[in-house]
Amino acid sequence: MKIRVHSFDPSESVPRTFLDLPDHVYRRDPHYQRPFSGSVATGLKRPEFAGRQRGFVVPAIGAPVARVVARVSPTLRDASQKPYGMLGFFEALDDSGAVAALFETAIEWFRERGIATVIGPIDGDTWHSYRLNAGPFEEAPFLMEPYNPPYYPELWRGNGFDVLETYLSQRASDLAAVVEAMAPKHRRALEAGYSIETLRLDRFDAELGRLYRLSLRVFAGNFLYTAISEESFLDLYRQSRALVDAELVFFARAPDGSDAGFLFAFPDRFRAVAAMQGKSHLLAKLKFLTLRNRTDSVNLKSLGVVPEHRKSGVGAALMYRAYKAALRKGYRHANLCLLRAGNPSGRLEGGRSQVFRRYELYERRL
């Protein structure tokens with residue numbers, strides 16, 4: 001029997017079956033964290049994708065089976081200068097037949113629009129969710145890590161998708177040794193006239209604006225980079241304020257006083273955030289306050305140095321300050337999160353880290 005795939009325009013309305021699917025996929029998974037309330041619906045209605053996207057869901061009696069959103073990138077081009085097709089918001093039960101029908105329906109939609117290369121999973125750009133977690137899956141995820149069932153990578157690989165990019169997360173567990181190894185690089189950067197300061201929570205929006213302007217310069221040359229507006233950036237990161245420890249977010253100033261780079265790190269409060277799921281507002285707040293400090297790890301999420309100050313040692317100096325602050329605060333581990341394989345940042349740990357998770361981004365050429 002042919003599998004039915006329902007199609008819809010996400011800019012107009014989103015069927016309940018699409019929104020409810022994660023509740024079935026992760027029903028017995030204690031590690032799953034629901035997205036912030038309304039974030040999925042907001043992401044589906046981004047104006048830059050109006051008229052350039054289509055949603056697909058495989059319904060079933062009792063529960064939906066699989067979903068995805070196909071989008072034509074308004075900015076990104078492949079090697080033939082055709083717009084990239086992007087597949088995002090993917091979720092599915094372990095049903096290879098349903099997923100094959102889902103992908104083929106989406107691929108046909110791309111073919112009708114002349115798309116030559118499809119990438120995914122990516123929810124529109126690299127500012128939002130992208131990549132699959134490829135394991136190992138034995139230990140719990142860290143906060144803000146891509147998360148999915150272990151069978152997802154095979155569903156993509158089994159439907160004509162090849163690995164386009166690989167990413168890694170590394171863990172350094174002897175922070176005292178890391179601090180000692182990185183200290184000379186920090187000292188040389190200070191001697192060269194660089195200075196480092198921490199984020200000011202009393203002017204949080206202004207500091208986010210500073211991070212935004214630096215990010216535009218730092219990441220502009222990255223693969224699949226797309227610029228977003230400052231307001232969109234603020235909307236993404238304002239909700240993280242409760243998770244931020246200002247003593248773990250750093251800015252570097254160049255000798256002339258201009259901003260040279262930043263490091264965004266935060267305590268891995270995965271359990272605190274997970275405890276808030278499904279609670280009333282008051283109970284969630286109480287749970288968060290109770291658990292927020294129960295972690296032994298710090299996540300080093302984003303490091304960036306503007307082009308004219310690369311190879312100055314300022315990136316190493318920022319990492320040193322994060323390791324030193326984590327050690328002073330009593331953390332035992334530092335997670336270097338979601339590094340593109342081969343990224344030099346993965347070597348800014350004094351040779352004292354191990355890879356503990358891998359991630360994959362896929363492509364299919366039509």
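Heads up: numbering here begins at 1 and tracks the sequence. Owing to the predicted nature of the structure, the values given are computational and were not obtained by experimental measurement.
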Interatomic distance, [X] atom [atom1] to [Y] atom [atom2] [nearest 0.5 angstrom]:
| X | Y | atom1 | atom2 | answer |
| --- | --- | --- | --- | --- |
| S258 | R253 | OG | CZ | 8.5 Å |
| L87 | E363 | CG | CD | 12.5 Å |
| E91 | N148 | CD | CG | 8.0 Å |
| L190 | I196 | CG | CD1 | 6.0 Å |
| Y147 | L132 | OH | CG | 13.0 Å |
| I228 | E48 | CD1 | CD | 9.0 Å |

Donor-acceptor pair, distance only, cut-off 3.5 Å: does the side chain of [X] make one with the backbone of [Y]?
| X | Y | answer |
| --- | --- | --- |
| E154 | Y151 | no |
| R52 | S73 | yes |
| D268 | L143 | yes |
| D125 | H128 | yes |
| R241 | L201 | yes |
| R67 | F89 | yes |
| D95 | A98 | yes |
| N343 | L339 | no |

Worksheet entry | Test salt bridge (Lys or Arg N to Asp or Glu O under 4.0 Å) applied to R71 and D123, step by step | CA-CA 9 Å; R71 286 173 157 171; D123 292 358; over 6 Å; no
Side chains of [X] and [Y]: donor-acceptor distance under 3.5 Å anywhere?
| X | Y | result |
| --- | --- | --- |
| S232 | S229 | yes |
| R54 | S7 | yes |
| Q53 | S11 | yes |
| Y331 | T295 | no |

Practice prompt. Might you work through the salt bridge (Lys or Arg N to Asp or Glu O under 4.0 Å) test for K82 and D78, ending with a clear yes or no?
Written response: CA-CA 6 Å; K82 292 184 178 181; D78 64 14; over 6 Å; no
Discussion item. For D162, is there an ion pair with R364 - N to carboxylate O distance below 4.0 angstrom?
Written reply: no
Item to complete: Give a yes or no on whether a salt bridge exists between E138 and R357, defined as a side-chain N under 4.0 angstrom from a carboxylate O.
Response: no
For a 4.5 angstrom cut-off between non-hydrogen side-chain atoms, does [X] reach [Y]?
| X | Y | value |
| --- | --- | --- |
| E247 | R328 | yes |
| S215 | F262 | yes |
| L102 | F90 | yes |
| P64 | V58 | no |
| L168 | R340 | no |
| F103 | W156 | yes |
| Q33 | M144 | no |
| V163 | L361 | no |

Item to complete: Under the side chain to side chain contact (heavy atoms under 4.5 Å, CB included) rule, what do L303 and L318 come out as? Steps first, then yes or no, please.
Response: CA-CA 8 Å; L303 170 70; L318 286 162; 3.9 Å; yes
Shortest non-hydrogen contact from [X] to [Y]?
| X | Y | value |
| --- | --- | --- |
| G88 | V68 | O-CG2, 3.5 Å |
| G350 | M182 | N-SD, 3.7 Å |
| G124 | M86 | O-CE, 3.3 Å |
| H31 | D29 | N-OD1, 2.9 Å |

Worksheet item: Are L366 and V99 connected in a single hydrophobic cluster, I mean Ile/Leu/Val/Met/Phe/Trp/Tyr linked by side-chain heavy atoms less than 4.5 Å apart?
Response: yes
Fill in: same_hphob_cluster(I122, F223) at 4.5 Å side-chain heavy-atom cutoff
yes
Fill in: F8 and H6 aromatic ring geometry - parallel, tilted or perpendicular at 30°/60° bounds
parallel
Item to complete: May I ask you to decide if the ring planes of Y212 and F233 are parallel, tilted or perpendicular, using 30° and 60° as cut-offs?
Response: tilted
Around [X], counting heavy atoms of other residues, nucleotides and ligands shown, do more than 12 lie under 6.0 Å from its [atom1]?
| X | atom1 | value |
| --- | --- | --- |
| R365 | CZ | no |
| R77 | CZ | yes |
| K45 | NZ | yes |
| R210 | CZ | yes |
| E180 | CD | no |
| R332 | CZ | no |

Discussion item. Is the distance between the ring centroids of Y362 and Y130 under 6.0 Å?
Written reply: no
Discussion item. Using the ring centroid of each side chain, check whether F264 and F266 are separated by less than 6.0 Å.
Written reply: yes
Fill in: Members sharing V305's hydrophobic cluster (side chains within less than 4.5 Å)
Y194, V314
Item to complete: Starting from the C-alpha separation in whole Å, work towards a yes-or-no answer on side chain to side chain contact (heavy atoms under 4.5 Å, CB included) for F142 and S297.
Response: CA-CA 9 Å; F142 57 81; S297 301; over 6 Å; no
Worksheet item: Stepwise, does the salt bridge (Lys or Arg N to Asp or Glu O under 4.0 Å) test hold for R157 with E360?
Response: CA-CA 10 Å; R157 296 190 200 111; E360 294 174 347; 2.8 Å; yes
Fill in: Charged tip of R321 within 45° of F250 ring normal and under 6.0 Å
no
Practice prompt. Start with the C-alpha gap between Y323 and E349, add the side-chain angles, then the distance that decides, and say whether side chain to side chain donor-acceptor pair (under 3.5 Å) holds.
Written response: CA-CA 9 Å; Y323 294 129; E349 33 65 275; over 6 Å; no
Discussion item. Checking Y320 against L348 for the side chain to side chain contact (heavy atoms under 4.5 Å, CB included) test, could you report, in this order, the C-alpha distance in whole Å, the side-chain angles of both residues, the deciding distance, and whether it holds?
Written reply: CA-CA 8 Å; Y320 166 85; L348 298 179; over 6 Å; no
Worksheet entry | Chi angles and distances behind the side chain to side chain contact (heavy atoms under 4.5 Å, CB included) call for N222, T126 | CA-CA 10 Å; N222 285 9; T126 55; over 6 Å; no
Practice prompt. Take R217 and D259 through the test salt bridge (Lys or Arg N to Asp or Glu O under 4.0 Å) and record every step on the way to the result.
Written response: CA-CA 11 Å; R217 299 180 62 199; D259 281 334; over 6 Å; no
Practice prompt. Applying side-chain contact (heavy atoms from CB on, under 4.5 Å) between N299 and each of L336, N335, L338, report the one that passes.
Written response: N335
